[in-house]
Every structure is written in structure tokens, then in C-alpha cells.
Q: 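So that we are looking at the same thing, I have put the structure below in C-alpha cells.
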Amino acid sequence: MSIRAELASAYSRTKVRVPLHSLMSRPRLMARLLDPRDARLWLVQAPAGYGKSSLMQQWATALADGGGDVAWLSLDASDREPELFASHLLRSLGEAGCPVEQRLYRLLEIEGGASARMSIIAAMNMLVDRTKPLHLFIDDAQHLTHTPSVACLELLLNSGPPGLKLLVATREELGLHLGRLRAHGLAEEIRADDLRFDLSEATALLARDGHGDLPGDDLVLAHHRTEGWAVGLKLFSMVVRNKRDYAPALRGFSGELRQIADFFAEDVFSSQPPELQDFLLRTSVLDWLSPGLCDSVLQIDNSRALIDRCEAAGLFLASLDDTRSAYAYHQLFAEHLRWRLYERSPGEAEQLYRRASEWLFAHGRQIEAFDCALKGRDPVRAAEMLDSSCDYLWAHGHQHTIQRLAASIPPHVQALYPRVMLTLAWRLTAQWKVEEAGNLLTVSRARLDEMERAGADPAFIRQQRWIALHRECQIAQTRYDLPALERHAKELLEQSNVTVPPYIMASVYNSLQYARREQFKLDDIERLTAQGRECCNKTGSNHSMIFAGVHAGPSYWLKGQSDKAIEVLTHALGIATEWAGADAPIASLPGMPLAAIRYERNEIVEASALIEQHMPVATVAGFVDQLLAGWITKSRLLRLRGDPNGACAALVEAVEFGARSDLERLRIVATAEHVRLLLRIGRPDEAMRLAQRRGIHEPASAGRSGHQRFTTLDGAVALAWCRLAAVSDRLPEALRVARQWRSFVVAAQAVQSAVEWDILLAELLLASGEKLAARRTIAQAVARAAPGRAIRPFLDQGEPVAMLLGQLDSDMRGGRDPGDAFLAVLIGHARAEGLAPQLTERGRSEDEDEEDDALMGQISSREIQILGLAGAGALNREIGERLGLTEGTVKWYLQQVFDKVGIRDRVRAAQKLRRLGMMQ
């Protein structure tokens, strides 16, 4: 039919009426669209299926319902002819109630295309005097692209009266000149990113289609796979219809699925010219596109122009930045294209991947290059890339990525690259997989021997053997083999003929500092810390700076410098949080020891927040110290909140993890803490059984042998054993061990350990009746703890220690030195926790009679019951049988009563309670 005949023929009125369909409401977008603005043009541009027409329909309906004047025009292929476009435009205006002179239709029939411009100008002139805005909706405007009718649309835009608002939806760039309108704020644009359904909208759409029961994780995955694409969500709804289990459908939901493939084939791909089809297929192997990358992979020189054409044609290609230098396909579209590529040329993709790999590696994108090499079935090249990138990736915190990439390389290929194996060994050691790390170390050393015999570069061989010794050093640290750790670290530092990255050298200083701290060799901690920090500054590695802080913080704490410890750990935590995120495993490395120090300073809110934030990921990777700090602090917080069973469970969890991971130090220290906890909550029999089962035996006394260096692990065991001995009628042995250990840690200037031993020794002296010595010892503990404000070591030992604090001479609280002020702080916290409500405002004199009426703690009804029976002459065994307790538990209760009453004799203790009216 000729154009003139078409003009004279009847037209479908559906072209000029707002379609009526059941639509998914888009209130988020409608709120933006209905906001009154001065824009003359609203351009809605996105690929097929993003809901452009649906949005336009909702928009037009909302305006009409609000009393606005709306004209609608749906375009099709016929509108490529200017006279037909103009004719349909006039009929749209007429349908909206605008006066359109019949002579304009006749003019179009007679004059043809030459009259389209005149007709549109005449129609616009008729609208000049309108006082009410007219909203002209033009849908499917992509039909005008590269046709003369675009000039008519441009005419509407530039010559329309002030009250005319153009609202245009299109899949493709129309070629309109919008620079001036944009500059004056007269053009508003809605793109694919705006049209994407967010998660709540996707949830509502699927619920409307009967999938309201879709689990939350499946909803998130469906939204991710479709990228909020409206048609994708509708197709997914069709795929899962009448299915009880959504998981298989989600796994199979890809661009190869028939429903999706048909849509892309019919609505998108088949209408493209051969040159663009070929470009789409061959670039589909790329996760992202750039002109340079595409030129290299496709071996062409016009990728910039082809990318521009794809973007303009609305081919599901989105720009990733404002400079239009990087692009990515919608993942479902890319999957569809790759499927078509494999169908067309099964072997072509591998070659494309290999070219992409080389370009990416040359441009510093090692991880993507590695992945492309594997996809190109070239594992040897992938291994070469990883081998040359290990140091860089590790220094910049990509340990997990290294492990993932290495796992993708076949073992026989991996065994050819010692640097890869040694790097992986370090990662495995950090994950407490020491045996696996040791196996890799053995294989890598054997490979280095082979390479040396084959004439490999001697400098490379020396360097990698140095690295192997470094890995042995890390394994020794994880196994808590402190002599080997110190020996290896010193040997590494002595080898000056090897060049290694500064971040590795920093870790050597960290390890040496750790070995010496754990052996109470604290004289050179500052020097080692400074040397490690200097290496970190050279490399600028966030990872190294975090680890430096993690090692230095506990060292400062042990020396009593808690403010400095908090400073370096907080700094390390800040770096980790900014770099990797607050929930990242690496943030738990400084987070856990920082929580422990905060707890010891009685900063309970801060400690609790750190444990809650970082404990869930602490077991992913790191050091045993971080695990100990986390689990012990968690346990103490739970006990403080009145949950002793939860506190015990946390320590059992620590012991079980230590057993699974072959971390003997974790298992022993957590057990020692568990023993302390059980004694504190009145379960001595259980504590003794636990100690026997887990091997908490009488320790060697510190200082007994000049050839043996004692460690913080030995100290933890000794503390637990002394407490057990005190309730097992072995008080003299406990006093002997405690005195020797206290002298040892004081000589080593391990201030925090000295505070712990001071407190325990004071308790033991009190239990043995040496009250004056007990008060003097607790005074020494207060003086040592004051600079670091270590509060919890006192409060966690309960009422006897609280009463000793209260019995210090009153002039110690006069504020003449920091110890006096700190004593007042301790007593204030003790009162706040109800540990010793009998604390007086004045201390007791040294010659006070031991049988005065003061009590050093509250006496429980059970303790009164047991003391009454004991005072009447009953044996411990008889008391236990009568009350259903073991003999050991009866001993423990009597020990507690004697401490509180201040008398070691059963009869006299009972008499004192009767005199006070506490016992009949």
C-alpha cells in the first residue's frame, strides 16, 4: 500500500490511546515522575524488557486521573515515514481533545513528506494559547532511529509551545540533540539503572505471581541473577511455577534457558547486522569490555565504534564508569551469547580467553588474567601468572584469592612452582592447617633442589630457600615452638645476601618479638617493634601494618603500657576496617586482643561490642593469641552477665577447636581458664576432674633451672595449678610456686603477669592466715596495676580480694600517688558490683585482732550449713554424705568460709558466726 493510501485509510485507535494492562505498580519511580518539574523532555531509555511501556502507562494514567491532559502515541515501523508519523501525531492530539484542523490531514495526503514539517508546526501553533500543560507520551520511539521522522520529533522538542511536555520511551539512542536542554535542566532521563527492580520490588512482583513463599536467600539470588530486569523476573516466575523446590530452578536459570534464549533471539539478537552479531558473540567471553581489550582479543581496531553502536542500540551493554571506558553485558544476555558462540564455533572461545588473559596480565589485572587462562585451558600459563604475582597479591591482602587460584591449578602443575607452594603454605599456616603447610614446604624444597641442578638462577634459589625457612618460622609460631621460632627468626635476619619484600621482613621482626615476649624476654620489644614498623612503611602494605599492630599491642600490655597497647591495636583495627570491612576476618586479629584489654580495664561495653563484632569470624585465619583473647574474654563477659554455663561452654568450644586444629596451646590455656572459672563459681570437684583429664599437673617452678626458659603458657598452667592446690590441702606448695613465679615475672618486668601473681599470692597468704603479708602483697598489686588501669584482675577474684582492698590503710586512698587514686577506683567498682558491701571508709590497723567482728565477704546459707556441721565435729566425708556433696567440695566450701571469717579453725569460726547472730 502506498503512503498516500495509508494516510487515507483507517488507523488503529489503539495507537493513540493509553493501553490498559494489569501492571506492577512502581511507586518508587512514580514519586519521582509525578514531582512537578520544569523539564520539557522526559526520556525513558533502556533495553527491551525493562518495563518502559509499563511505566509510561502508569505515568499517563496517574496524570489523567489527576485531571491532567494526556496524549498517547505508540509507534511502529510505519512511523519511519514522516507523513505517517505526523498523521498519527495529529490523531493523538485529536484523541486528547486538542482542536486539529481537518485541512492538515488533507495537506499530508496531498503533499506527502514535504508537508509533515508544516503540519507539525501548524499543530503546535494551535496549542500555543493553551493555559493547561499537555503531556504527550510517545512509546517505542526506537522505530524512528536513523529515519527522517527523527527530525519531526526534534521539531516537536524545539518548536513546541511552553505547555507541551514530551515523554519519550525508546530502546535505542534516537540521535536527538539534548545538550542545550540538559544544560538548562529541561531534560530528565530515566535509564536502565533507574528501571531495575530493587529487591523489595522484585519480592512484590514475585509474590503477586504466586511466589510469596520464596525463601529469602532464593529471592536475593533471583534478584542477583536477573539484575532487576523486569522480563527476567517474569520469566523466572514462569520457570518456577508449580515447583515446590526452587533451588534446582535457580541453578538452571541462565541465558541458555529456552524462555530467555527465545526472548533474546527474537527481540534483540536477530535484528542486529552481521558485524554487530559477530562482535556480540566474540566479546561475550569477557566479564567486562573496553575498546583496548576488545581490539586485542578480536584482533581488530574499531572496537570503540562497535561498542558505541551496541550501547546506542540498547543491546544490554551498560557503562561501568562515567568516562565510558569500561562496559559489561547483562549476565543473562552474556550467557545467551556465549551459548550461541559455542554452538557456532566450539573451539573459538578458548583462543579468545587466552588473548584476553595476556592483555589483562599486561595491564596489571592478574586475577582476571589467571581466570581467563584457566578458561582458555592453559593451566601452565595460569600457574606462571600466579607465580609471578604471589608477592604482590599477598602484600595487598589477597591471601584468600591466592588460595582460591592455587586450588584451581592441577597439583602436578602446581608442584613446578615453588613460590606458589610456599605462598600457599603461609596461608595454610594462618588457617592452622600446619600439617598441610609442612607437606607443601617439603615439596617446594625438593623442587628448588631440582631447579638448582638444572641451572636455575642462583639468586632466585637463595631467595626461595630463605622464604622456605620463613615458612618454617611461621609453622613454629603456630605450634608454639618458641626456641625454634627464635632460632629461625635470628637466622633469617643474619642472611644479608638475600633480597626479600619488606612485608616478609616485617613479619620476621614480628615473629621474633612474639617469641621473646612469650618467653618473658621483654628488654628489646621496643627495638623489634620499631624495626618491623620501618619495614611496613617501606612496603606501604595495609596487611603488614595490621600484623605489626597485632604483635605489638599484647607486648605493650604485658609490660603494663595499656594506653599504648590500645593505641596500636585501635590503629590496626581502623586500617583493617577501612581496608577490608568491619566484618572481615582480618579485623578480628586486632579486634580480639583489643577486646581483652578493654575487658581487663573494666570497659565492658567496648569489650562486648568488639567480641560481638569480631568473634564470629575469628576462626577463619590468624593467630592462636587472637583465638585465646576472643574465647576467654567472651567467657568472662558471660560470667559477668550471670551466665556461668554459657561461660563454660565458650571455653569448651575453644578446647574443641584447639583439638581439631592441633593447637595445643589453645587447648591448654582454655582448659586453665576453665579450671579458674569452675573454682570461681563454686564447682571445685568439677575443676579438679577437668584438670586431671586435661593434664594440668604441678608445674616446674619458675627460676628452678637456669637452662629452661618459662613461657606465658607455663604461667597460665601454674596459675591454674596453684588455685587447685589451694583447695586441695596443698597450700604450702601453692605458696612456694606462687612466690617463685611472682619473683620471676617481676624480674622480667612483665607487669601484667606480676599483677596476676600478686593477687593470687595475696589470696594464698590470706588463706594461710598471713593477713598482714596478704595486705602488703595486694598493695603491691594495686601499685603495679595503676598505670595500666587493670581493674578486672582484682574484681574477678571476688569478695576475699575485695575485702583485702578495703583493709588497706586509709592513707593509701589520700591521692598522694597514682596507686592511692587507683585503689579508690577499685573499691568503687567492687562496691558497684556488690562484692563486699561491708567495706568501711577506713582501713584496718595492722595489729587488729584476727577475731574482730569484720567479715571479708558475704556468707551464703550453704556455707553456714557446712560450717555448722564442721563446728559440731563432723568429718568432711560425713558432711558430704549428709548433704550429697563430694569430700572435695566440702573442703572448698570450708576454704571459702575461712577466708571470709578470717579464722582457720572450724570451732572458732563457728563461734564467731554465732556471736554475730548468723548461726544458731
Side-chain angles (χ1 to χ4, degrees), residues 399-400 403 424-441 470-486 488-489 507 510-511 513-515 517-519 547 550-551 553-554 558 585-586 588-593 595-596 611 614-636 647-677 690-691 693-697 699 709-720:
Q399 290 78 23
H400 173 74
Q403 191 170 17
L424 186 56
W426 196 0
R427 172 63 175 175
L428 291 170
T429 303
Q431 295 175 317
W432 306 289
K433 298 176 181 178
V434 175
E435 185 175 353
E436 293 181 49
N439 292 337
L440 283 176
L441 195 57
H470 173 269
R471 302 309 188 249
E472 196 170 337
C473 186
Q474 300 305 303
I475 290 174
Q477 181 168 339
T478 301
R479 285 179 169 157
Y480 206 65
D481 186 351
L482 300 179
L485 174 59
E486 185 172 4
H488 293 330
S507 77
N510 291 339
S511 294
Q513 177 195 155
Y514 176 85
R517 178 188 78 216
E518 289 299 305
Q519 298 175 90
F547 275 66
V550 168
H551 282 83
L558 184 59
I586 197 169
S588 72
L589 268 67
M592 294 295 90
I611 290 295
H614 302 294
M615 193 68 216
V617 295
T619 58
V620 173
F623 300 107
V624 174
D625 301 72
Q626 134 210 8
L627 300 178
L628 279 170
W631 266 310
I632 289 176
T633 305
K634 178 181 179 180
S635 173
R636 292 178 178 180
C648 289
L651 296 171
V652 169
E653 184 182 355
V655 170
E656 290 175 347
F657 185 87
R660 287 196 307 272
S661 304
D662 195 24
L663 301 175
E664 188 70 359
R665 177 169 174 247
L666 174 60
R667 186 189 67 79
I668 292 174
V669 176
T671 297
E673 175 70 13
H674 198 175
V675 167
R676 187 200 69 83
L677 172 61
L690 177 65
R693 190 168 68 250
R694 297 277 172 78
I696 302 294
H697 303 300
R709 287 301 308 187
F710 290 92
T711 68
T712 62
L713 173 58
D714 297 326
V717 172
L719 280 166

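Heads up: numbering here begins at 1 and tracks the sequence. All values reported here derive from a predicted model rather than from experimental measurement.
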Q: Decide whether Gln477 and Ser511 meet the rule of one side-chain donor and one side-chain acceptor closer than 3.5 Å.
A: yes

Q: I'd like to know if the side chain of Arg471 and the backbone of Ala437 have a donor-acceptor N/O pair within less than 3.5 Å.
A: no

Q: What's the verdict on side-chain contact (heavy atoms from CB on, under 4.5 Å) for Arg693 and Leu690, showing C-alpha distance, side-chain angles and the deciding distance?
A: CA-CA 5 Å; Arg693 190 168 68 250; Leu690 177 65; 3.3 Å; yes

Q: Might you work through the side-chain contact (heavy atoms from CB on, under 4.5 Å) test for Val434 and Asp662, ending with a clear yes or no?
A: CA-CA 8 Å; Val434 175; Asp662 195 24; over 6 Å; no

Q: To the nearest 0.5 Å, tell me how far Gln474 CD sits from Arg427 CZ.
A: 13.5 Å

Q: Nearest 0.5 angstrom please: Trp426 CH2 to His470 NE2, how far?
A: 4.0 Å

Q: For Ala716, which residues count as a side-chain contact (heavy atoms from CB on, under 4.5 Å) partner, sequence neighbours excluded?
A: Val669

Q: When you compare the side chains of Asn510 and Ser507, does any donor N or O come within less than 3.5 Å of an acceptor on the partner?
A: no

Q: List the atom of Ala720, the atom of Ile696, and the distance in Å for their closest heavy-atom pair.
A: CB-CG2, 4.3 Å

Q: Hey, does the side chain of Glu518 reach the backbone of Tyr514 with a donor-acceptor pair shorter than 3.5 angstrom?
A: no

Q: Quick check: closest heavy atoms across Ala647 and Ser635, and the distance to 0.1 Å?
A: O-OG, 2.9 Å

Q: In Å and rounded to the nearest 0.5 Å, what is the CG to CZ distance from Leu663 to Phe657?
A: 6.5 Å

Q: With no hydrogens and no angle check, do the side chains of Glu436 and Gln431 hold a donor and an acceptor under 3.5 Å apart?
A: no

Q: Which donor-acceptor pairs under 3.5 Å do side chains of residues 648-655 form with protein atoms, sequence neighbours excluded?
A:
none

Q: Starting at CD1 of Ile475, measure out to CG of Leu485 and round the result to the nearest 0.5 Å.
A: 11.5 Å

Q: Do Leu424 and Gln403 have side chains that get closer than 4.5 Å, going by heavy atoms?
A: yes

Q: State the CE-CG distance between Met615 and Leu627, to the nearest 0.5 angstrom.
A: 6.5 Å

Q: Report the distance from atom NE2 of His551 to atom CZ of Phe623, rounding to the nearest 0.5 Å.
A: 4.0 Å

Q: Quick one: do Asp625 and Arg665 satisfy salt bridge (Lys or Arg N to Asp or Glu O under 4.0 Å)? Show the steps, please.
A: CA-CA 9 Å; Asp625 301 72; Arg665 177 169 174 247; 3.3 Å; yes

Q: For Gln626 and Ser588, indicate whether the former's side chain and the latter's backbone hold a donor-acceptor pair under 3.5 Å.
A: no

Q: Glu472: which residues meet the side-chain contact (heavy atoms from CB on, under 4.5 Å) condition with it, sequence neighbours left out?
A: Leu441, Arg445, Leu469, His488

Q: Which atom names give the shortest non-hydrogen contact between Trp432 and Val624, and what distance separates them?
A: NE1-N, 3.9 Å

Q: Given the rule in the side-chain contact (heavy atoms from CB on, under 4.5 Å) test, do Thr712 and Gln519 qualify, once you have shown the distances and angles that lead to the verdict?
A: CA-CA 7 Å; Thr712 62; Gln519 298 175 90; over 6 Å; no

